[in-house]
Q: 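If you scroll down you'll find the structure; I have some questions about it.
Chain A is the first sequence line, chain B the second, and so forth, proteins listed ahead of strands; every chain is numbered from 1.
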Amino acid sequence: MEYALDRFVREAHAVVASANLVDEHLIELVTPKPNIPADLAFPTFRAAKEVGIAPPQLAQRIVEKAQIPAGSLIGSVVATGPFVNFSLSAPGLAAAVLDEVERLGERYGSDDQGTGKTIVIDYSSPNVAKTMHVGHIRSTIIGQSLYHIFNFLGYHVIGDNHLGDWGKQFGMNIAAIVRWGKPEGDDEDAIAALDKLYARYSALVKEDEALRAEAARWAKRLEQNDPEALAKREWIAELQARAAQPNHDDEARAWSLKLEQGDPLARELWQWMVDLTIKANQRNYDRLGVRFDYVLGESFYAPMLDALIEEAIEKGVAYRDEDGAVVVDELAPGLPTFLLQRSDSGTLYHTRDLACIVYREREFRPVKIIYVVDTRQELHFRQLFALARAMGYARDIELIHVKFGTIFDQQGRPLSTRAGNIVYLADLLDEAHARARAVVDQASPDLSDEEKEAIAEAVGIGAVIYNDLYQDPRRDIRLDWERMLAIEGNSAPYIQYMHARCCSILRKAAEEGVVARHGDATILTHPSETAVIKQLAKLPGAVREAGERYAPFVIAEWCYETARALSAFYRDCSVLRAETPALRAARLRLVAATAQGLRNGLALLGIKAPERM
RNA sequence: GCGGGCGUAGCUCAGUGGAUAGAGCAGCGGUCUUCUAAACCGUUGGUCGGGCGUUCGAGUCGCCCCGCCCGCGCCA
């Protein structure tokens, strides 16, 4: 699709080309820094070298030969040293952009580049039988935003919540339930109880590990004829005997195997946990505006695994070692080996993820599969992608791991039940809501309680979402409530507030019976007006860039810049008390368009835009 | 040891080969009888971790160091 700025770039390109001084392939246009009074620039350095004249001379000659066609969006072309600087025609841009926004409405900024193509996004993917905590928020929020962005770019997007509902962790859960009994209570309570059981069981596993490690240490000292060890011979033998007994880890692994093999009790407990978790998570998803097209957990792929393991062996990318484990050796230089099957015949997550790729390829024929997963799993995905390719799968699919950093507590420690520093997602959202509510109560006491609640929810949740989307997600982050729930400065509430101000103006205009529809946009030439219009014009490009970079923060940045531009306009240009009725009408169109643009941008982030705050 | 990531203002971060490196927070000083003060204005604050190189031009690309984080076959 060609938007106003696309046309501007095309026209500028044509102007340079038509001077017949430089080759097409040497024409690269760049966006100047904000302090340069231009909207597009052609740096002539490389072309000048090719042509054999000094850059400033070349720039000068291009400008001399430049012919701006009638109706062009180019307002002026000047040579500034070695640069050819193009400026937009403010009236022309205003007319074009407002027209586009009004014509496309909530589709303004969308594109058709993805038409007919499918993208699968794998996001959120919490573990079953665990309460969702802040650690799950990043994948959920980034994934949902990417869903909106690619959808807006015209792709058919499939969102899949790849639940962690299989594997040894369920062996642990089941073993714990068998040992200590099935928790009672409602969904959330039962899951909280399961969290505790799991922690209790892992502690035992850790103890076992310590025991085996100690036994091994003494065995080694014994081998080396260490005097102390020799003296404690009997005690060591007893220690080794204890360590050699099947322990909690073995028990868990056995239960996970039983689960895979369809043991009725294991299946029943597993199903109970899955249902429980899906129900409990739904409330978080509803609050965050997160929706999935599929919820296919790891268990879904279980029936495919045996055949795939055989296939991997037949194709020579894997082999069964002497213990019976199926091993995949270096698929590429420096890529560590990994397993597809345990020596006790249980499967592993690589196996299930491989099956998942095969399934998605067959069912959805996507052009991309995007995994929104913690950066710590980088190696896993490199191995997985290499394996899929080595087996001949996903030849025409781009496999993409969108990585993000880990959340640590304020002291920089990992979040863990043992450290007791877990922050649950629901608690975070509640706190965000409460803080926003306090501000609403103070700022807008006249609103109904119902309206205040809705605003507090939109603003509080918006703040949380924005906090995860406003920057490049690769860095690790420290849990900081003040920052996560920020409602000032570069934050969702600021953007929402500017949107609400637009709505307020439009509401008052409607009350006064002012009609905006036929306002002449070409009279919007005040610098603050032009700045807002230029921002609006940038949305389509921001959406494309966000897609190319898998980076919602590009949209967040656009929203913030737009809100700031609106703020300056709000300060400099009165709408309802504009100097003339024509100006008032034109500004009303601009305000309506800005509100629309902000709504669209926020929607791509998954953030609501209340009309009042 | 090998692999990945990060390092830009006191703090959190933009800056994807171009012109004088930008925001927010925090600090300091101002602005509500005027379309919502969740706002606005002014101001303080930088050896872009260090070095060498490539280039007309490097925060950005390459190499080498330094620091921090993460990962590396029977967990996910």
Q: Which one, rC72(B), rA38(B), rA14(B), comes nearest to the side chain of Val440(A)?
A: rA38(B)

Q: Looking at rU47(B), which nucleotide sits across from it as a Watson-Crick or G-U wobble partner, both distances under 3.5 angstrom, or is there none?
A: none

Q: Considering only atom P, compute the distance from rA23(B) to rC66(B) and round it to an integer number of Å.
A: 36 Å

Q: Checking side-chain polar atoms at under 3.5 Å, does Arg320(A) have a donor or acceptor matched by the opposite partner on Gln341(A)?
A: yes

Q: Using both distances under 3.5 Å as the test, list the Watson-Crick or G-U wobble partner of rC40(B), or none.
A: rG30(B)

Q: When you measure only distances, ignoring hydrogens and angles, does the side chain of Asn490(A) come within 3.5 Å of the base of rA14(B) through a donor and an acceptor?
A: no

Q: Please state the P separation for the pair rG62(B) and rC25(B) - nearest whole angstrom.
A: 35 Å

Q: Give the nucleotide from the list rA37(B), rC40(B), rA14(B) with an atom nearest to the side chain of Arg475(A).
A: rA14(B)

Q: On the side chain of Thr375(A), is there an atom forming a donor-acceptor pair with the base of rC70(B) - under 3.5 Å, no angle test?
A: no

Q: Look through every strand shown and name the nucleotide pairing with rC74(B) as Watson-Crick or G-U wobble, where both distances are under 3.5 Å.
A: none

Q: With rounding to whole Å, what would you report as the distance between rG7(B) and rG50(B) at their C1' atoms?
A: 12 Å

Q: For the pair Phe381(A) and Tyr371(A), evaluate ring-ring contact (aromatic ring centres under 6.0 Å, His included) and give the outcome as yes or no after the intermediate values.
A: CA-CA 9 Å; Phe381(A) 284 109; Tyr371(A) 296 85; 4.8 Å; yes

Q: As a test of reading the structure: which of rA37(B), rA14(B), rC74(B) is closest to the side chain of Asp323(A), going by heavy atoms?
A: rC74(B)

Q: Compare the ring of Phe45(A) with the six-membered ring in the base of rG18(B) and state whether they stack (centres under 5.5 Å, planes under 30°).
A: yes

Q: Within the 4.5 Å heavy-atom criterion, are Arg138(A) and Ile477(A) side-chain neighbours or not?
A: yes

Q: From the options rC56(B), rA26(B), rU36(B), select the nucleotide whose nearest atom is closest to the side chain of Lys508(A).
A: rU36(B)

Q: Is there side-chain contact between Asp480(A) and Gln410(A), with at least one heavy-atom pair below 4.5 Å?
A: yes

Q: When we call it a touch if two heavy atoms are under 4.0 Å apart, what does Val459(A) touch: a base, just sugar-phosphate, or nothing?
A: base

Q: Measure from the side chain of Tyr497(A), starting at C-beta and using heavy atoms only, and say which of rA38(B), rC35(B), rC41(B) lies closest.
A: rA38(B)

Q: Please determine, for the side chain of Arg483(A), which listed nucleotide (rC25(B), rA76(B), rU12(B)) has the closest atom?
A: rU12(B)

Q: On RNA chain B, nearest-nucleotide positions of Lys33(A) versus Glu378(A): which is more 5'?
A: Glu378(A)

Q: When syn is taken as a glycosidic angle within 90 degrees of 0, is rC28(B) syn or anti?
A: anti

Q: Please work out which of the three classes, parallel, tilted or perpendicular, describes the rings of Tyr470(A) and Tyr466(A), given edges at 30° and 60°.
A: parallel

Q: Provide the distance between the two P atoms, one in rU60(B) and one in rG24(B), to the nearest whole Å.
A: 25 Å

Q: Rounding to an integer number of angstrom, what distance separates rG49(B) and rC11(B) when you compare their P atoms?
A: 13 Å

Q: With a 4.0 Å cut-off on heavy atoms, is Cys502(A) in touch with a base, just the backbone sugar-phosphate, or nothing at all?
A: nothing

Q: Suppose you measure atom C1' in rG17(B) against the same atom in rU34(B); what distance do you get, rounded to whole Å?
A: 49 Å

Q: If we take the P atom in both rA9(B) and rA14(B), what is their distance in whole Å?
A: 12 Å

Q: Of all the choices, rC6(B), rC13(B), rG73(B), which nucleotide is nearest to the side chain of Gln471(A) once you look at every atom?
A: rC13(B)

Q: What is the distance, to the nearest angstrom, from the OH atom on Tyr470(A) to the C1' atom on rA14(B)?
A: 10 Å

Q: Please give, in whole Å, the distance from rA38(B) P to Arg571(A) CZ?
A: 17 Å

Q: Would you check if Phe83(A) stacks with the base of rA19(B), given a 5.5 Å centroid limit and a 30° plane limit, both strict?
A: yes

Q: How far, in whole Å, is rU55(B) from rG1(B) if one measures between their C1' atoms?
A: 36 Å

Q: Do Thr44(A) side-chain atoms and Ala47(A) backbone N/O form a donor-acceptor pair below 3.5 Å?
A: no

Q: Reckon Gly167(A) touches a base, only the sugar-phosphate, or nothing at all at heavy-atom distances under 4.0 Å?
A: sugar-phosphate

Q: Using Watson-Crick or G-U wobble geometry with both distances below 3.5 Å, tell me the partner of rG10(B), or none.
A: rC25(B)

Q: By nearest heavy atom, map Asp321(A) and Asp476(A) onto RNA chain B; which one lands nearer the 5' end?
A: Asp476(A)

Q: Please pick, from rA19(B), rA38(B), rA76(B), the nucleotide with the shortest atom-to-atom distance to any side-chain atom of Pro32(A).
A: rA19(B)

Q: Any strand counts, and the cut-off is 3.5 Å on both contacts for Watson-Crick or G-U wobble. Which nucleotide pairs with rG18(B)?
A: rC56(B)

Q: Side chains of Asn173(A) and Tyr201(A): is there a donor and an acceptor less than 3.5 Å apart?
A: no

